[in-house]
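Numbering of ligands and ligand atoms starts at 1, following listing order. Just so you know, these numbers come straight off a predicted model, no measurement behind them.
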Amino acid sequence: MKAKGLPELEASSVSELEALVRHHNRLYWDDDAPELTDPEFDRLVRRLREVAPASPALDELGASRFGEAVVHDVPMLSLDKCYGDDELADWLSDFDGRVVVSPKFDGVAASLRYDEEGQLALAATRGDGVTGDDITRNVREIADVPRRLKVKPAAPIEVRGEVFLRLSVFERHKDRFSNPRNLAAGAIKQKDPKKSAEIGLSFAAYEVFGLDAPTEHDKIDWLARAGFAPIERRVVEKSEALAVYRELAARRASLDYEIDGVVMKADRVDEQRRLGATSHHPRFALAYKFQGDTGTSRLREIEWSVSRTGAVTPVAIVDPVALSGVLVSRASLHHPGYVAKLGLSLGAEVELTRRGGVIPNVERVTKPGDRPVVVPDRCPSCGAELVPKGDFLLCARPDQCRAARVGQLAHFVSVIEMEGYGDRMLGELYDRELARTPVELFSLTAAQLLTIPRVGDKLANKLVAEAEAAKQVRLEDLLRSLGIDELGRHVAKVLTREVGGLDAILAATKEQLAAIHGIGEIIAASVADGLAAQRPTIDALRRVMTIEEARRAPPAEGPLAGLSFVFTGKLARHKRDEAQATVQRLGGLTPDTVSKTTSYLVVGDDKSDGKQSSKEKAARKLIAAGGGLKVISEGEFEQMTNVH
Ligand code: IVH
């Protein structure tokens, strides 16, 4: 069978047909650049279904491909990212203790499992985070990876880290490959282990599961003893984190590997546990990414898009230019006022940066163009009138404007982290009236989703499952998801911390909100008005969602507030956990390890072995270095706390 104008259907074998289906599926879903019309694509799929009904390519329709080989014991999550000092400060305020700072390697993640004998048993790529590909044979060829651990673990362990290519090694290959990361990704998936070994990959270990260690830095140190090339790490006070970020950023160019940011982690494992993780990233870690490169290009045209608030925003369409290794052809122009401020004209040569590494920004005009920019007078999405407001231009009817409504849905799913609901999907849901408000996303059924072209069983079920999982939400995320002006990450956090639960927040007056440190009158007014306007939405959402109102413990009060006690050795007259409970009851902290912030190390009076513990050694060292910590006996502890 041959169809005119459809060379795809000339595929002569099942494997060719599968390859075509996969190719066009990817162009549509992943690259957003379909080459076939829907009926053409459907015909291709039907043909494959006829000749090979069991083909795996049919299962992969819509969803990204799933590797089959290795299911991760613990899902391999991503890192939460930030691009500014304020976001970093916000994150730091979420936990107690110190911070471990490491470079963020620009490579590919790998998971290595070792058995109880310490033998490398299995290695896998990250894949989609749940399932990866088996790469054991290639990983065994990497010099930095011990085939047998130098320290025998008590139980099987899993080591995670980044497979990457040193720049000095990439030199040898650079004529044939675009960048070290792509080559590392290709080499680790290479079928022939010899060819993979020839490339000369490196591995930096950054995580280990199955060890019982109280701090992150203990784990990294263990990795070094076990024979890994562990990631460079600095353990610092929170107040030093930013300076260490800057230091690493300054050293970036002199490193023998590419890094695209700095990874920070809460050092204390008990704090890591308390913070937990979303389904996509742990909350105890943060990637502070570097700013991107600068380049120049020519402005071809301006596209006017409508944001979720109804603001009509200009987007620059430029000749493609490579910035930080990515081809850029669209850049943000923020609002019409910015276009005017830049003095922009079509055909102009402009300077672009990838600010924060993601959305490119037009910085300035380096050569004027020849045609004026025409600002629209009607909403490009719904045709409504446009109302100027300051630098902005607003659609007069955002509640009836498709672009604004789809934008609101997109904001909601991005904050709530519902994967698979891209702009295209949300547009389909809106047009078919399947979901026009956030709450409607939670009642979608697989049967409804299957009415959308190119949605198969697998994708439909995945979307329903994502919505189900997203029903569990933290209060601060729910607040942020509403898209209220001024109610961003920071304000949401302050509200949940200072005001409390949802009911208290909804009941707060503008005056009460404005009295909170960090929230001024403008923010208070915007938040209070926004919450009132969104009351029906909020009520609908709280009926279907489970809202976690977890609050941080209020600052401790009591005679030991601000003091921390670490215990070592066997106590003669108390159980350790009871002594710790006493400290906590009196407002003090009881971390597991000695650090610069420790106030007292309590050495048990039961000196049966007479040896100095490692905690005591650490404490003596800190004292010798001028630290303010004191070593006290059990008797002294009893006097301080009045317990005997
Ligand atoms: S810690 C939840 N430390 O960055 C994962 N990751 O964008 C915690 N990466 O998948 C990982 N350098 O592959 C960590 N020093 C570092 C890292 C690092 C690079 C990778 C890792 C992760 C990705 C997230």
Practice problem: Output yes when the distance from some N or O of ligand 1 to some N or O of Ile231 is under 3.5 Å, and no in every other case. | Solution: no

Exercise. Could you tell me whether Arg489 and Asp86 make a salt bridge, using a distance below 4.0 angstrom between a side-chain N and a carboxylate O?
Key: no

Exercise. For ligand 1, find out whether one of its N or O atoms is nearer than 3.5 Å to an N or O atom of Glu162.
Key: yes

Quiz item: Quick one: does Ser78 get within less than 4.0 Å of ligand 1, heavy atoms only?
Solution: yes

Practice problem: State if Ala287 counts as touching ligand 1 under the rule of any non-hydrogen atom under 4.0 Å. | Solution: no

Quiz item: Would you say Lys104 contacts ligand 1, with heavy atoms under 4.0 Å as the rule?
Solution: yes

Quiz item: Do Phe105 and Tyr257 have their ring centres less than 6.0 Å from each other?
Solution: yes

Quiz item: Lys81 near ligand 1, heavy-atom distance under 4.0 Å?
Solution: no

Exercise. Could you establish whether Pro103 and ligand 1 come within less than 4.0 Å of each other, counting only heavy atoms on the residue side?
Key: yes

Quiz item: Have Thr313 and Ser307 got a donor and an acceptor in their side chains that come within less than 3.5 Å?
Solution: no

Practice problem: Pick out which of Arg283, Glu417, Gln472 makes a side-chain hydrogen bond (donor to acceptor under 3.5 Å, both in side chains) with Thr278. | Solution: Glu417

Exercise. Could you tell me which atoms of ligand 1, counted from 1 in the order shown, lie closer than 4.0 angstrom to a heavy atom of Lys265?
Key: 1 (S)

Quiz item: Does Arg273 pair with Asp270 as a salt bridge, N-O distance under 4.0 Å?
Solution: no

Self-check item: Salt-bridge criterion met for Arg233 and Asp221 (N-O under 4.0 Å)
Solution: yes

